[in-house]
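Just so you know, residue 1 is the first one in the sequence shown, and it goes up from there.
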Amino acid sequence: MKDYKTENIMIMNCSLDLAKSIVLFRKELTDRSPITIPGQWPSYRFRSFLPFLIEDMEKEQDSPFHLWILADLINKMMVGDFLMYPSMRQKGVAYLEVHYLSFKEERLYFKESLRLFLEYVMPQFKGRYDQVALEVQYTDHFKMELLKKFGFTLKKNDHPYLLWSYKVIKKEDK
């Protein structure tokens, strides 16, 4: 998969080499990388999916897990990650998780990185997923307002979380 970027942020697909480096050679990766890799990056959830992704990629089979890295291009630093995986209960639905190093990075990059993801990454999954679901806390008004602007709709209120859904538009739907 291709990498996508704006002037400020880049979404990079997590390759097999990078996944292995994160898991097996973290210190060497951190020392040699031209971009700053903070100790708390990637998120715990991202790291928990890496072994499954590595196994699928080594077997050269299509993985149900998709992982992307978010990098701040101006400050040359890893700032977050995206992960997406299919729902076990609903065919055609994928869950998207977005994690940032801190609230500061989330405020700076959520809008731009989500727009980039929806416009350029999601079209690669047309026909595979009809909807993408994203969970946010009910107090996170910043994210909710942006989700509404991007066309997400509230699907479920399971206090303290809200489940938002985005309909993947197929070419023939346009």
Side-chain angles (χ1 to χ4, degrees), residues 1-88 92-129 131-136 143 146-147 150 152 164 166 168:
M1 255 184 223
K2 192 175 169 184
D3 298 337
Y4 300 96
K5 64 183 177 178
T6 64
E7 290 178 13
N8 301 312
I9 191 111
M10 176 184 272
I11 295 177
M12 296 177 282
N13 187 46
C14 187
S15 66
L16 177 59
D17 289 338
L18 185 53
K20 283 182 173 181
S21 293
I22 293 169
V23 172
L24 302 171
F25 309 108
R26 173 63 188 232
K27 182 166 176 15
E28 190 174 329
L29 175 67
T30 303
D31 291 345
R32 292 182 176 203
S33 178
I35 188 166
T36 303
I37 301 175
Q40 67 272 34
W41 179 89
S43 68
Y44 174 75
R45 289 287 292 168
F46 188 95
R47 282 182 268 161
S48 69
F49 279 84
L50 282 173
F52 302 110
L53 180 69
I54 291 169
E55 183 178 348
D56 289 342
M57 291 173 118
E58 284 182 335
K59 290 179 180 176
E60 296 182 5
Q61 64 187 34
D62 191 27
S63 181
F65 311 109
H66 306 281
L67 289 80
W68 296 271
I69 295 157
L70 300 174
D72 174 332
L73 294 174
I74 295 170
N75 296 314
K76 294 184 173 41
M77 184 173 98
M78 300 297 191
V79 293
D81 51 71
F82 279 24
L83 62 108
M84 189 171 71
Y85 50 91
S87 169
M88 298 304 223
V93 175
Y95 289 102
L96 176 65
E97 294 184 25
V98 183
H99 303 277
Y100 295 91
L101 291 175
S102 71
F103 185 66
K104 176 188 169 196
E105 280 85 10
E106 182 177 80
R107 285 283 191 178
L108 285 171
Y109 302 114
F110 183 72
K111 180 179 181 180
E112 196 169 358
S113 59
L114 187 60
R115 181 186 58 78
L116 207 55
F117 184 82
L118 293 174
E119 288 181 12
Y120 296 102
V121 178
M122 276 314 300
Q124 297 171 30
F125 294 96
K126 284 182 182 170
R128 187 170 182 182
Y129 297 119
Q131 291 181 39
V132 176
L134 179 67
E135 197 173 64
V136 298
K143 277 187 182 174
L146 289 173
L147 292 175
F150 283 120
F152 280 78
W164 291 81
Y166 177 81
V168 178

So which heavy atom on [X] is nearest to which on [Y], and how close?
X	Y	result
Tyr120	Gln124	O-NE2, 3.4 Å
Arg128	Ser63	NH2-O, 3.6 Å
Arg26	Ile37	NH2-CG2, 3.4 Å
Asp72	Ile35	O-CD1, 4.4 Å
Ser15	Met57	C-CE, 4.0 Å
Met77	Pro38	CG-CG, 4.0 Å

Can you check whether Tyr100 and Tyr109 have ring centres sitting under 6.0 Å from each other?
no

Please confirm whether Tyr166 and Phe152 have ring centers closer than 6.0 angstrom.
yes

Do [X] and [Y] come within less than 4.5 Å of each other through their side chains, counting heavy atoms only?
X	Y	value
Met84	Phe125	yes
Trp164	Leu96	no
Glu97	Tyr85	yes

Would you call the rings of Phe117 and Trp68 parallel, tilted or perpendicular, taking 30° and 60° as the class edges?
perpendicular

Look at the rings of Tyr129 and His66 and say which category their plane angle falls in: under 30° parallel, 30 to 60° tilted, over 60° perpendicular.
perpendicular

[X] atom [atom1], over 12 foreign heavy atoms within 6.0 Å:
X	atom1	answer
Gln40	CD	yes
Phe52	CZ	no
Phe65	CZ	yes
Glu60	CD	no

Before giving the answer on side chain to side chain contact (heavy atoms under 4.5 Å, CB included), spell out for Val79 and Ile9 the whole-Å C-alpha distance, their side-chain angles and the decisive distance to 0.1 Å.
CA-CA 9 Å; Val79 293; Ile9 191 111; 3.8 Å; yes

Carefully, step by step, assess Thr36 and Asn75 under the rule side chain to side chain contact (heavy atoms under 4.5 Å, CB included).
CA-CA 8 Å; Thr36 303; Asn75 296 314; over 6 Å; no

So Leu114 and Leu146, side chain to side chain contact (heavy atoms under 4.5 Å, CB included) or not? Walk me through it.
CA-CA 9 Å; Leu114 187 60; Leu146 289 173; 5.7 Å; no

Taking Glu55's backbone N and O only, do any of them form a donor-acceptor pair with Glu58's side chain (distance below 3.5 Å, no angle check)?
no

Under the 3.5 angstrom rule, does the side chain of Asn13 hit a backbone N or O of Asp3 as a donor-acceptor pair?
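Judged by distance alone, no pair lies under 3.5 Å.
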
Once rounded to the nearest 0.5 Å, what's the spacing between atom [atom1] of [X] and atom [atom2] of [Y]?
X	Y	atom1	atom2	value
Asp56	Leu16	CG	CG	10.5 Å
Arg115	Phe150	CZ	CZ	7.0 Å
Ile69	Met12	CD1	CE	5.0 Å
Ile54	Phe49	CD1	CZ	13.5 Å
Ser48	Leu53	OG	CG	11.5 Å
Lys20	Leu50	NZ	CG	12.5 Å

Show, in sequence, the C-alpha distance, side-chain angles and deciding distance for Leu134 and Val98, and conclude whether the side chain to side chain contact (heavy atoms under 4.5 Å, CB included) test is met.
CA-CA 8 Å; Leu134 179 67; Val98 183; 4.1 Å; yes

Out of Asp31, Leu29, Thr30, which residue meets the side chain to side chain contact (heavy atoms under 4.5 Å, CB included) rule with Lys27?
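Result for side chain to side chain contact (heavy atoms under 4.5 Å, CB included) with Lys27: Asp31.
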
May I ask you to check if Lys143 and Phe110 form a cation-pi contact, with NZ or CZ under 6.0 angstrom from the six-membered ring centre and within 45° of the axis?
yes

